[in-house]
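Notes follow the structure.
Each chain gets a letter, A, B and so on, in the order its sequence line appears, and its residues count up from 1.
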Protein chains: 2
Amino acid sequence: MPVTRSDELATRLREVGLRVTGPRLAVLSVLAGRAHVDVETVRGAVHDRLGGVSTQAVYDVLRAFTVAGLVRRIEPAGRPALFETRTGDNHHHIVCRTCGTVSDIDCVVGAAPCLEPSSAPPGFLVDEAEVTFWGVCANCQSKNREGIDHL
Amino acid sequence: MPVTRSDELATRLREVGLRVTGPRLAVLSVLAGRAHVDVETVRGAVHDRLGGVSTQAVYDVLRAFTVAGLVRRIEPAGRPALFETRTGDNHHHIVCRTCGTVSDIDCVVGAAPCLEPSSAPPGFLVDEAEVTFWGVCANCQSKNREGIDHL
DNA sequence: CGGGTTTTCTGGAACGAGTCAAGAGAACAC
DNA sequence: GTGTTCTCTTGACTCGTTCCAGAAAACCCG
């Protein structure tokens, strides 16, 4: 059962001027249920729910959502893109170097761009400060300690 | 003529325990001459200098350099990876959304990770705070104004 | 300085993520 | 309903990057 009712999702779509279709409702519902999802996971979940979708449709839907501001696309270096429904608050992310898990970090400062560059090139118009924290999560740290003698 | 003398570059390689080879010297010299370089540019420049290199060699060399801490790899979302020789000072980057040009921004705070997450998951060991500023550079702003009636 | 070991480089195939293109098929406006 | 416009399907394709096997070069040691 979707976390959010389907007519509510449909309304959200119409509000931003997007047509309501099966794949779109399904994608939105999947995204509403989890914090950070990659394309393949979306495709899988939507496929199960609808009994088939093309990869292309998933990419198209996600792009439309991103342009409409319904979802935010994040792309940690070297990893496939992730999508999240938490938008507009310019929060940040913390990524585990080992397992790739991404968590949200509330913005230290208030509104976007939330940080000012100390010495931007003249005339540069900054609209966003993206902060990514990198490290190793508790889970991977303990796994690493266990597995150290297998190497 | 390279910005840095070739025996000096060779010394730098040996210092970090890397063998000295033609491709490595050439790559290091190319990187030393510019702030942010993508793989294709490196390959082109090295090819001209040496009369031929495989793409693979360039990737291998850059990976070895990155692991050794000789260069830093940055990967702005949706763009091919860039390499820079300025390492160890945890400075940040500002990227133009239109032309993709990357410039350095001095770190606001002192040492890495230079920013502390306000609410990291318990046990998470943060080692780096990566900050990327996004916007439009002066150049692209004026080009956009000129070209607006062609659209 | 020559021989053996280790590492690096070459060439070519392969991969994953993402995009492009043309047409069939739905959603909406009237 | 009907026509227009947008969306989805299928399938080929690009791009950045990696994997593989073998040839070649750099280093270490006697």
Side-chain angles (χ1 to χ4, degrees), chain A residues 6-7 9-28 30 36-47 49-68 70-71 73-83 100 102, chain B residues 6-7 9-28 30 36-47 49-68 70-71 73-83 100 102:
Chain A
S6 134
D7 53 344
L9 296 176
T11 306
R12 258 207 267 170
L13 286 176
R14 272 187 262 264
E15 273 171 5
V16 296
L18 291 174
R19 294 197 172 172
V20 178
T21 68
R24 286 183 174 177
L25 285 173
V27 168
L28 194 51
V30 170
H36 308 97
V37 209
D38 61 65
V39 176
E40 184 45 34
T41 304
V42 173
R43 205 202 53 74
V46 171
H47 184 100
R49 195 169 299 214
L50 257 45
V53 243
S54 66
T55 308
Q56 189 55 43
V58 176
Y59 275 102
D60 284 352
V61 168
L62 288 171
R63 165 132 19 109
F65 285 6
T66 306
V67 170
L70 225 48
V71 308
R73 177 192 177 117
I74 62 172
E75 213 170 320
R79 298 206 150 76
L82 298 171
F83 295 84
V102 176
Chain B
S6 135
D7 53 344
L9 297 176
T11 306
R12 258 208 267 171
L13 286 176
R14 272 188 262 263
E15 272 171 5
V16 295
L18 290 174
R19 293 196 172 172
V20 177
T21 69
R24 288 185 170 175
L25 284 173
V27 168
L28 194 52
V30 170
H36 307 98
V37 209
D38 61 65
V39 175
E40 183 44 33
T41 304
V42 173
R43 206 204 51 73
V46 171
H47 185 100
R49 194 169 302 212
L50 257 46
V53 241
S54 66
T55 307
Q56 189 53 46
V58 175
Y59 274 101
D60 284 352
V61 167
L62 288 172
R63 165 130 22 107
F65 284 6
T66 306
V67 171
L70 225 48
V71 307
R73 177 191 179 121
I74 61 172
E75 215 169 317
R79 298 207 150 76
L82 297 172
F83 295 84
V102 176

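Between A/Arg73 and the phosphate of C/dG18, there is a side-chain N or O to OP1/OP2 separation shorter than 4.0 Å. An OP1 or OP2 oxygen of C/dG16 is reached within less than 4.0 angstrom by no side-chain nitrogen or oxygen of A/Arg79. For B/Arg24, a side-chain nitrogen or oxygen approaches OP1 or OP2 of C/dT8 to under 4.0 Å. A sub-4.0 Å separation between OP1 or OP2 of C/dT19 and a side-chain N or O of A/Arg63 is present. Remark: A/Thr21 is in phosphate contact with D/dC8, judged by side-chain N or O atoms under 4.0 Å from OP1 or OP2.
Computed from coordinates, the A/Phe83 CZ to C/dA17 P distance equals 13 Å when rounded to whole Å. As rounded to whole Å, 13 Å separates atom C1' of C/dA29 from atom CZ of A/Arg14. Distance CG (B/Asp60) to C1' (D/dA21): 14 Å, rounded to an integer number of Å.
Place A/Ser54 and B/Tyr59 on DNA chain D by their nearest nucleotides, and A/Ser54 ends up nearer the 5' end. Comparing B/Arg19 and B/Gln56, the nucleotide of DNA chain C nearest to each residue sits closer to the 5' end for B/Arg19.
In this structure, the side chains of A/Pro23 and A/Leu50 come closer than 4.5 Å at one or more pairs of heavy atoms. Inter-residue side-chain proximity for B/Arg43 and B/Tyr59 is flagged as unmet; no heavy-atom pair is nearer than 4.5 Å.
In this structure, A/Ala64 reaches neither bases nor backbone, as no heavy-atom distance under 4.0 Å exists between it and the strands shown. Looking at heavy-atom distances under 4.0 Å, B/Arg43 makes no contact with the nucleic acid at all.
Using a cutoff of 4.0 Å between basic side-chain nitrogens and carboxylate oxygens, A/Arg12 and A/Glu15 are not scored as salt-bridged.
Taking CG of A/Leu18 as the reference point, atom CG of A/Leu13 lies at 6.0 Å (rounded to 0.5 Å).
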